[in-house]
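Numbering of ligands and ligand atoms starts at 1, following listing order.
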Amino acid sequence: MNSIFQTSEVFVSENQFIAEFSNSVTLHIKREDLLHPEVSGNKFRKLKYSVLKASELKKNCLLTFGGAHSNHVAATAAAGKLEGIATIGFIRGDELEFQKEKWSPTLTYANSCGMKLKFISREEYRNKESEAFLNQLQSQFPDAMIIPEGGTSELAIKGCEEIISEADREYDYICTSVGTGGTMAGLINASSSHQNILGFSALKSKHLSEEIKRMTTNTNWSINTNYHFGGYAKISVELIQFINDFFRKTRIKLDPVYTGKLLFGIFELAQKNYFPKGSKILAIHTGGLQGIEGMNERLRKKAQPQIITEL
Ligand SMILES: *Cc1c(COP(=O)(O)O)cnc(C)c1O
């Protein structure tokens, strides 16, 4: 069977012009969201070498972890379906086990791809990185390749190094959203020393910089923590308005958890003249659009404005 993760050719996404700010600062966006219709954005890059290794090791199952709205869970389920490999998702929140009607669109989708969903309590979920828990899982599922939450591993970082190419050396700033930091580490490794890699934290965490230092030895990067909007998956009416305006003007959808916050941050910094005169900025569109539907469900319940997906 043909793999969607062919090794022979590295696909480079198109960079699209978005805006010119004052001081001749320009912004382009790399359309990683168009990489694959189901395994989109950085989750494709992060899964690539794990899936290839699983097939090399004759492992016939991918086992991973995530929350009810996880882009990584959705991407792993889709990759398994397309590659003909079984998938198991350990999902945070055991209250969901017998309440299928409360499943998020992400979980319903993962299930429809054939992923076996195992719901665990929040306490148990906290163990997901402990060696004892992982050893026990591996002996319970000997044929499974275990992939950490968010997909971050050395193989994932290697995959993310393929996001940028020689041609992207013309950019002074490469900006990305940061969850676990695996994507950013790959970008840092693949960048040249004259480039600045700017990570926009999508969550409240004091340890992100330490995490990144563990994954790369280069030093041409920094993390901005001013645009997480209160924490992971937290949003505001202002953010939703920005995402909708951006879509109306560019026809490019942004997700509310990662790329919406990233672009909001870049626009605000550019308007405050943070970037030196003439800077060329490249923002990475890491995908994540599958999360919009779940966010809109939550917004509807709170009677707040929706993220528009059609004009
Ligand atoms: C998972 C995800 C990220 C964060 O990637 P990390 O490698 O965990 O930092 C960013 N953007 C989108 C759309 C994602 O789904």
Side-chain angles (χ1 to χ4, degrees), residues 13 29-36 38-50 64-79 104 106 109-110 128-129 147-164 174-190 197-205 207-216 221 223-225 227-229 231-233 235 239 243 252-266 283-295 307:
S13 300
I29 192 165
K30 187 176 277 296
R31 298 298 306 275
E32 289 278 291
D33 55 317
L34 303 177
L35 207 48
H36 188 278
E38 287 186 271
V39 191
S40 95
N42 65 342
K43 298 307 185 281
F44 181 104
R45 303 290 187 182
K46 294 179 86 170
L47 281 170
K48 174 178 172 179
Y49 288 104
S50 289
T64 196
F65 311 88
H69 301 279
S70 163
N71 293 331
H72 167 66
V73 165
T76 305
S104 62
T106 303
Y109 171 75
K128 67 191 181 298
E129 274 148 34
I147 303 177
E149 180 184 49
T152 291
S153 64
E154 269 176 44
L155 292 173
I157 295 169
K158 177 176 163 181
C160 290
E161 291 170 6
E162 297 178 351
I163 295 173
I164 53 173
I174 297 173
C175 300
T176 191
S177 177
V178 181
T180 63
T183 304
M184 181 167 177
L187 293 170
I188 295 168
N189 287 346
I197 314 304
L198 241 182
F200 288 73
S201 176
L203 41 97
K204 246 190 207 167
S205 163
H207 311 294
L208 269 183
S209 291
E210 286 156 49
E211 298 286 325
I212 305 272
K213 275 181 202 154
R214 231 175 280 152
M215 295 187 267
T216 182
W221 57 272
I223 292 209
N224 184 310
T225 55
Y227 296 102
H228 57 57
F229 288 78
Y232 185 72
I235 51 149
L239 177 66
I243 289 171
I252 298 172
K253 290 177 195 165
L254 301 173
D255 82 292
V257 179
Y258 296 103
T259 54
K261 295 179 181 183
L262 167 71
L263 270 300
F264 187 103
I266 295 171
I284 311 297
H285 194 319
T286 41
L289 302 176
Q290 70 87 29
I292 292 176
E293 197 186 339
M295 183 59 82
I307 300 166

Going through the distances and angles, do Leu47 and His72 end up as a side chain to side chain contact (heavy atoms under 4.5 Å, CB included)? CA-CA 9 Å; Leu47 281 170; His72 167 66; 4.2 Å; yes
Begin with the C-alpha distance, continue with both residues' side-chain angles, and end with the deciding distance and a verdict on side chain to side chain contact (heavy atoms under 4.5 Å, CB included) for Glu211 and Thr152. CA-CA 11 Å; Glu211 298 286 325; Thr152 291; over 6 Å; no
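Cation-pi geometry between Lys128 and Phe65 is not satisfied (NZ or CZ under 6.0 Å from the ring centre, within 45° of the ring normal).
Residue Thr183 has at least one N or O atom closer than 3.5 Å to an N or O atom of ligand 1.
Atoms of ligand 1 found under 4.0 Å from any heavy atom of Val178 (numbered from 1 in listed order, with element): 9 (O). Remark: ligand 1 atoms within the under-4.0 Å shell around heavy atoms of Gly288 are 13 (C).
Under 3.5 Å, the side chains of Asn71 and Gln290 contain a donor-acceptor pair of N or O atoms. A side-chain donor from one of Asn189 and Thr216 sits under 3.5 Å from a side-chain acceptor of the other.
Using the six-membered ring where Trp is involved, Phe200 and Tyr227 have ring planes that are tilted, between 30° and 60° apart.
The closest approach between Gly287 and ligand 1 falls below 4.0 Å for a heavy atom of the residue. Ligand 1 lies out of reach of Gly41, whose nearest heavy atom is not under 4.0 Å from it.
A salt bridge is defined here as a Lys NZ or Arg NE, NH1 or NH2 lying under 4.0 Å from an Asp or Glu carboxylate O, and Lys213 with Glu210 fails to meet this definition.
Between atom 8 (O) of ligand 1 and the options Ile212, Thr180, Thr152, the minimum heavy-atom separation is to Thr180. Within the set Ala202, Ser177, Gly179, Gly186, the minimum heavy-atom distance to atom 9 (O) of ligand 1 is found for Gly179. Of the candidates Thr176, Thr286, Val257, Asn71, Thr286 brings a heavy atom nearest to atom 11 (N) of ligand 1. The heavy atom nearest to atom 6 (P) of ligand 1, out of those in Arg45, Met184, Lys46, Glu32, is found in Lys46.
The side-chain contact (heavy atoms from CB on, under 4.5 Å) with Lys30 is formed by just one residue from the set Thr176, Ile163, Ile174; it is Ile163.
Ranking protein heavy atoms by distance to atom 14 (C) of ligand 1, first place goes to Lys43 NZ, 2.8 Å. With respect to atom 3 (C) of ligand 1, the closest heavy atom belonging to the protein is Asn42 ND2, 3.2 Å.
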